[in-house]
Amino acid sequence: MLPTPTEWVERRTFHYRRFDPTALADAKRQQGLTISVCIPALNEEATIGAIVEAIRGELVEKIPLVDELAVIDSSSSDGTADAARDAGAIVHQDRSILPEVEPLEGKGEALWKSLFVVRGDIILWLDADIRNFEPHFVVGPLGPLLTDPSISYVKSFFRRPIDGGTGRTSMEGGRVTELVARPLINMFWPHLAGFIQPLAGEYAGRRQLLEQVPFFTGYGVEIGLLIDIAERFGVDAMAQVDTDTRVHRNRPLQELSRMSFAVMQAAFRRLSSEGRLDPETVRGLGMYQFAAEGEAYRMEPSIIEVRERPPAITVAGYGANR
């Protein structure tokens with residue numbers, strides 16, 4: 001029997017203040033574990049350096065909680081790679097990882113490839129555009145993993161302020177979550193309805209779990225991981241942590257529309273693989289949007305294709321590459 005979302009939330013929701021970084025570093029050492037923090041990045045020169053410096057200063061040098069700090073750069077055209085390297089991160093170009101494999105695009109591709117180059121027993125992924133970064137964005141999601149052996153995957157959740165150009169700040173960030181992901185989850189995977197931020201970009205997991213699940217290549221990666229981890233390991237292996245308020249770059253509506261298309265495509269592909277949807281209904285990759293041009297409108301077509309990478313452990317040379 002699956003736990004109800006209400007019951008799951010009561011048992012598997014934490015606050016970052018519950019976890020002391022020094023105590024977590026001691027627990028990590030006693031358990032013989034190593035921790036990698038990995039940041040996928042594309043043109044995030046403005047924020048990546050400060051994030052890396054904060055982690056290195058507080059959680060590598062001051063408190064030895066993090067053993068490896070890596071950035072997976074997706075061929076940024078700005079100074080993202082140099083800024084990350086100067087701040088003390090190991091920088092990998094995603095297209096240089098597994099060069100024998102056809103390169104694909106998207107955040108999920110960078111996350112999947114990171115499994116082949118980072119070394120930690122626990123891997124924490126962070127978004128690279130956080131403007132109010134504090135060490136608790138790392139400490140929070142690591143806490144349940146280092147204090148409860150039954151938990152293997154932890155999502156962060158947070159309040160996301162958004163300024164609509166009025167000078168006033170509201171708390172209505174997470175528009176793709178509320179308009180697309182949450183309705184899909186409640187309709188088709190109600191056992192996952194307890195996740196407050198199912199599309200959050202900050203989450204951590206044990207390698208032995210992460211290497212056994214597939215990864216969607218684009219913005220569908222988060223909803224795909226939730227569905228697949230719950231299916232393979234059960235929702236009780238999952239938890240969530242409140243990290244308070246997160247400030248980041250709010251994306252324009254047309255970009256969020258394309259992101260929504262990718263999330264829906266991933267969800268429909270999973271429904272198809274589960275036998276709940278005819279595969280023929282999820283073949284469309286084209287999306288048309290419109291831009292105002294004077295008193296007329298210009299049609300802007302785009303192709304959005306979410307591909308799927310297999311579990312890393314099934315790829316030849318996975319252990320050797322790592």
Side-chain angles (χ1 to χ4, degrees), residues 36-60 66 68-99 101-118 123-135 137-138 156 158 160-163 165 173-176 199-203 215-222 246-259 261-262 289 291 300 302-307:
S36 296
V37 172
C38 183
I39 308 172
L42 173 62
N43 296 331
E44 302 292 357
E45 179 183 5
T47 50
I48 190 67
I51 294 172
V52 171
E53 286 177 359
I55 298 171
R56 176 159 293 282
E58 294 295 321
L59 300 176
V60 176
V66 174
E68 181 183 32
L69 179 51
V71 169
I72 309 295
D73 183 50
S74 297
S75 302
S76 294
S77 59
D78 65 1
T80 293
D82 288 339
R85 195 177 294 111
D86 291 346
I90 301 168
V91 177
H92 303 275
Q93 291 295 329
D94 65 354
R95 285 183 173 258
S96 298
I97 303 170
L98 300 180
V101 175
E102 175 197 5
L104 300 176
E105 303 291 337
K107 178 184 178 182
E109 173 81 347
L111 299 185
W112 181 73
K113 283 187 171 180
S114 73
L115 293 172
F116 293 82
V117 292
V118 301
I123 300 168
L124 166 64
W125 287 302
L126 299 172
D127 278 346
D129 64 344
I130 304 173
R131 296 177 178 174
N132 65 325
F133 187 85
E134 296 290 342
F137 285 103
V138 172
S156 294
F158 31 73
R160 302 176 65 180
I162 182 171
D163 186 340
R175 289 163 286 175
V176 176
L199 302 185
E202 285 73 55
Y203 40 96
F215 280 60
F216 286 114
T217 56
Y219 284 116
V221 63
E222 277 87 16
R246 177 188 185 277
V247 180
H248 70 140
R249 181 183 67 255
N250 290 303
R251 301 178 185 274
L253 193 59
Q254 283 208 327
E255 187 173 342
L256 294 179
S257 182
R258 293 189 292 273
M259 188 182 301
F261 189 98
Q289 294 175 289
E300 297 182 336
S302 57
I303 298 296
I304 303 170
E305 183 178 14
V306 172
R307 302 274 292 276

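Values reported hereafter were calculated over all heavy atoms of this structure, with side chains retained and with hydrogens, waters and symmetry mates removed.
- Residues N43 and S77 have side chains in contact (heavy-atom distance under 4.5 Å, counting atoms from C-beta outward).
- Note that the OG atom of S114 and the CD1 atom of I72 stand 5.5 Å from one another [nearest 0.5 Å].
- In terms of the salt bridge (Lys or Arg N to Asp or Glu O under 4.0 Å) criterion, R56 has no residue partners (sequence neighbours excluded).
- In this structure, S302 and Q289 approach most closely via the heavy-atom pair OG-OE1, 4.5 Å.
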Side chain to side chain contact (heavy atoms under 4.5 Å, CB included) between L126 and I55, worked out: CA-CA 11 Å; L126 299 172; I55 298 171; 3.7 Å; yes
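- Residues A70 and V118 approach most closely at CB-CG1, 3.9 Å, considering heavy atoms.
- Using a 4.0 Å cut-off between charged nitrogen and carboxylate oxygen, R95 and E109 do not count as a salt-bridge pair.
- Atom CD of residue E44 and atom CG of residue D78 lie 8.0 Å apart, to the nearest 0.5 angstrom.
- Contact check for F158 versus S156: side-chain heavy atoms found under the 4.5 Å cut-off.
- With a 4.5 Å cut-off on side-chain heavy atoms, D73 and L42 do not count as touching.
- Of all heavy-atom pairs spanning E305 and T217, the tightest one is O-OG1, 4.3 Å.
- Here the closest heavy-atom approach between residue E53 and residue A87 is recorded as CG-CB, 3.6 Å.
- Between I97 and W112 the shortest side-chain heavy-atom distance does not fall below 4.5 Å.
- At a threshold of 4.5 Å between non-hydrogen side-chain atoms, the residues I90 and E68 count as touching.
- The closest side-chain heavy-atom distance from I39 to W125 is not below 4.5 Å.
- Here D82 pairs with R85 under the salt bridge (Lys or Arg N to Asp or Glu O under 4.0 Å) rule; sequence neighbours left out.
- Atoms CD and OG, on E105 and S75 in that order, are 7.5 Å from each other to the nearest 0.5 Å.
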V247 vs I130, side chain to side chain contact (heavy atoms under 4.5 Å, CB included): CA-CA, chis, key distance, verdict: CA-CA 6 Å; V247 180; I130 304 173; over 6 Å; no
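- Going from atom CD of E222 over to atom CD of E202 covers 9.0 Å, rounded to the nearest 0.5 Å.
- Considering only residues two or more places apart in sequence or on other chains, T47 meets the side chain to side chain donor-acceptor pair (under 3.5 Å) condition with none of them.
- Tested against L59, the residues L69, V37, V138 include a single side-chain contact (heavy atoms from CB on, under 4.5 Å) partner, V138.
- Minimum interatomic distance between E45 and T80 (heavy atoms only, all atoms of both residues): N-OG1, 3.1 Å.
- Looking at C38 and L124, their side chains never come closer than 4.5 Å, going by heavy atoms from C-beta outward.
- Here F133 pairs with F137 under the ring-ring contact (aromatic ring centres under 6.0 Å, His included) rule; sequence neighbours left out.
- Rounding to the nearest 0.5 Å places OG of S76 at 9.0 Å from CG of D94.
- Among residues two or more places apart in sequence or in another chain, the salt bridge (Lys or Arg N to Asp or Glu O under 4.0 Å) test is passed with D129 by R246.
- Here E255 pairs with R251 under the salt bridge (Lys or Arg N to Asp or Glu O under 4.0 Å) rule; sequence neighbours left out.
- Taking each heavy atom of K107 and G201 in turn, the nearest pair found is NZ-CA, 3.6 Å.
- By the 4.5 Å heavy-atom criterion applied to side chains, V306 and Y219 are not counted as neighbours.
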